[in-house]
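Input: a single structure, listed below in structure tokens.
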Amino acid sequence: MREQIRKRLSHRLRGVFPEISTDFQIKIDEPPDSSMGDFSTNIAIVLAGKLKQPPRQIAEKIVEKWGDTWFEKVEAAGPGFINFFISLDGWREWVAGIIEGKEDFFAPPAKKRKIHLEFVSANPTGPLHVGHGRGAALGDTLGRLLKKIGYDVFTEYYINDGGRQIDNLGESVYLRYKELFGEKVELRNDHYKGDYVIEIAKEIKEKYGDKFLEKPDPSFFSRYAAERILSWIRKDLELFRVRFDSWFSERRVYDEGIVSDTLNILREKGLTYEKDGALWFKSSNFGDEKDRVLIRSNGDPTYFLADIAYHRLKFEGGYDLIIDIWGADHHGYEPRIRAAMKALGFDDRRIRILFIQLVSLKKGGETISMSTRTGEFVTLKEVLEEVGVDASRFFFLLRRNDSHLDFDLDLARKQSSENPVYYVQYAHARISSIFQQAVKKRYSVKNLKFDMGVISRKEIPLLKKISEFNEILESGVRDLTPHRIPFYLVELARQFHQYYNEVRVLVEDEKERSSRLLLAKVVQDLIREGLDIIGVSAPEKM
RNA sequence: GCGCCCGUAGCUCAAGUGGAUAGAGCGCCGGACUUCGAAUCCGUAGGUUGCAGGUUCGAGUCCUGCCGGGCGCGCCA
């Protein structure tokens with residue numbers, strides 16, 4: 001509907017002000033009160049500067065003698081807004097277009113862009129916790145949304161399976177292993193203390209007995225633990241309906257020579273130097289606050305170096321847009337990765353980094369921030385078992401990614417029964433039920449004919465909500481804000497519930513019945529599409 | 001100390017590139033099931049958008065300074 005108004009308005013603008021260029025965007029809003037019309041635009045105010053005329057006067061010129069059957073009334077208001085009152089005929093023609101498939105809900109993107117989307121990428125040093133779940137829900141939904149709109153999306157999980165943290169993990173497991181044989185052990189601060197470490201140690205004991213007591217093998221413990229944990233991660237994500245096109249091991253950037261290659265490029269460009277026995281990158285030349293180490297004085301490459309190599313692969317992969325989703329505790333890392341990309345000659349506007357604010361844990365009145373190392377966390381699996389996949393995903397997606405989240409498992413458990421997700425699913429199930437009833441009453445539900453004469457003022461709030469669907473998707477893609485989708489679905493469901501309460505669908509009159517069934521079907525399709533994008537099921541009954 | 005994010009109704013959260021009278025859910029109170037599903041609907045109450053300035057036709061949104069909370073500031077990842 002907004003598209004229609006935009007079309008008609010710009011046509012009108014060309015007629016009234018032929019001298020202006022058309023390189024501006026027409027924004028169609030909804031006025032604060034329905035008595036002020038169905039839609040409005042501030043275009044007259046925007047154009048005031050260009051035309052050097054008072055906005056109110058421009059608005060009046062545009063509105064003057066505007067004959068168009070889609071509008072009951074078009075008027076200038078306030079400082080220069082233009083309010084549109086859609087006529088019943090306008091709504092009828094529009095909804096007929098929807099039902100007959102002439103109006104597009106998914107306007108395909110102008111050009112099919114290739115997008116790389118990396119998210120979760122949790123180190124395999126512990127099971128996924130709720131914080132990761134939030135990132136998983138956001139990333140997965142974003143991926144589904146971009147795909148739905150027609151982009152070519154490639155999703156990836158970067159497995160950080162090397163380095164100091166993995167060594168610590170191996171040591172932690174080894175200590176617990178020794179403990180199982182009665183040895184008294186002491187864990188350092190940077191060792192992992194969660195129960196899962198003991199679990200893995202027990203597993204090794206069962207399989208290999210005391211084999212490693214005499215002959216310790218640190219790399220075996222690291223490898224074994226990381227692999228075991230990664231298998232849990234995969235399982236949890238599968239359960240959470242999160243899929244990746246690729247699981248990319250950090251080891252690949254070493255094995256395939258990408259790291260050394262990248263290092264050479266930086267060296268040749270004269271962007272590295274040695275100091276205190278380490279190799280440094282002049283990232284401060286590219287906007288970072290200070291230079292960073294690439295190779296430590298002990299000869300080990302840093303995580304940063306591997307990450308540069310990995311991102312270089314992404315930039316060379318022909319992607320128009322690269323999206324990374326990181327936890328907010330990594331925000332200080334952004335300038336250096338951008339610096340590295342600029343240093344390698346890439347346009348860093350091609351990468352967008354979204355930050356998920358940390359999820360903190362609420363326990364007995366106080367909040368603790370979750371930490372894999374201290375073992376202080378609620379696992380994603382635990383939440384899924386308690387609350388369910390649908391309610392969890394909805395819960396996570398119902399807030400902006402940059403808002404903080406206090407997670408209280410008891411509260412989540414309690415709220416699961418009153419989660420708005422059921423409100424939306426109920427609307428979907430209700431519509432299924434109407435169709436079942438129709439069949440029961442031997443009404444035809446196939447090849448229904450739509451009669452737009454049936455549409456009255458009662459349908460308009462619902463039609464208006466329906467007309468917002470593609471705007472929500474488009475703005476979600478433009479601003480990378482998938483959280484608008486669940487909010488929209490709640491509103492759509494509400495309009496339907498209200499309508500259902502007021503208007504009977506299965507009436508004797510065939511024209512009315514068929515048309516209303518078709519309208520209900522449109523709502524149901526939209527709800528299903530919307531739920532599908534956020535990875536929530538759309539049950540036929542519940 | 002410096003940097004990033006946040007502060008909106010009792011609670012949890014919204015509010016497209018600045019738009020008109022800041023919206024939902026939960027909770028509270030009061031109504032609606034002989035009818036297509038009451039997991040629903042209708043109604044009431046609830047706010048100085050942390051504070052103080054500034055920018056302009058117009059600010060929850062942008063700028064400056066405070067206050068409060070979170071997170072960073074490693075040759076960890």
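In what follows, chains are A, B, ... by sequence order, proteins preceding strands, each numbered from 1.
Regarding contacts with the backbone of B:rG70, every side-chain N or O of A:Gln357 stays at 4.0 angstrom or more from both OP1 and OP2. Not one side-chain nitrogen or oxygen of A:Arg56 sits closer than 4.0 Å to the OP1 or OP2 atom of B:rC57. Of the side-chain N and O atoms in A:Arg400, one or more sit less than 4.0 angstrom from OP1 or OP2 of B:rA15. Taking side-chain N and O atoms only, A:Tyr333 has no distance below 4.0 Å to OP1 or OP2 of B:rG3. Under 4.0 angstrom from either OP1 or OP2 of B:rG37 there lies no side-chain N or O belonging to A:Arg430. Between A:Arg494 and the phosphate of B:rG25, there is a side-chain N or O to OP1/OP2 separation shorter than 4.0 Å. Residue A:Lys27 has a polar side-chain atom (N or O) positioned under 4.0 Å from OP1 or OP2 of B:rG19. For the pair A:Gln498 and B:rU40, the criterion of a side-chain N or O lying under 4.0 Å from OP1 or OP2 is not met.
By the rule that a glycosidic angle within 90° of 0 means syn, B:rC13 does not qualify and counts as anti.
Checking B:rC2 for Watson-Crick or G-U wobble geometry (two distances, each under 3.5 Å) identifies B:rG72 as its partner. B:rG19 is paired with B:rC57 under the criterion used here, namely a Watson-Crick or G-U wobble arrangement in which both key atom distances are under 3.5 Å.
With 3.5 Å as the limit, one finds a donor-acceptor pair spanning the side chains of A:Lys61 and A:Gln53. Side-chain contact annotation: A:Glu250 with A:Tyr310, donor-acceptor N/O pair under 3.5 Å absent.
Contacts between residues 481-488 of chain A and RNA chain B, defined by a heavy-atom separation below 4.0 Å, involve A:His483, A:Arg484, A:Phe487, listed by number.
The aromatic rings of A:Tyr333 and A:Phe304 lie perpendicular to each other, with more than 60° between the two planes, well past the 30° mark.
Across A:His404 and A:Arg134, no two heavy atoms sit closer than the pair C-NH1, 4.3 Å.
No contact: A:Leu305 has no heavy atom under 4.0 Å from any strand.
One cannot find a donor-acceptor pair under 3.5 Å joining the base of B:rC13 and the side-chain atoms of A:Ser403.
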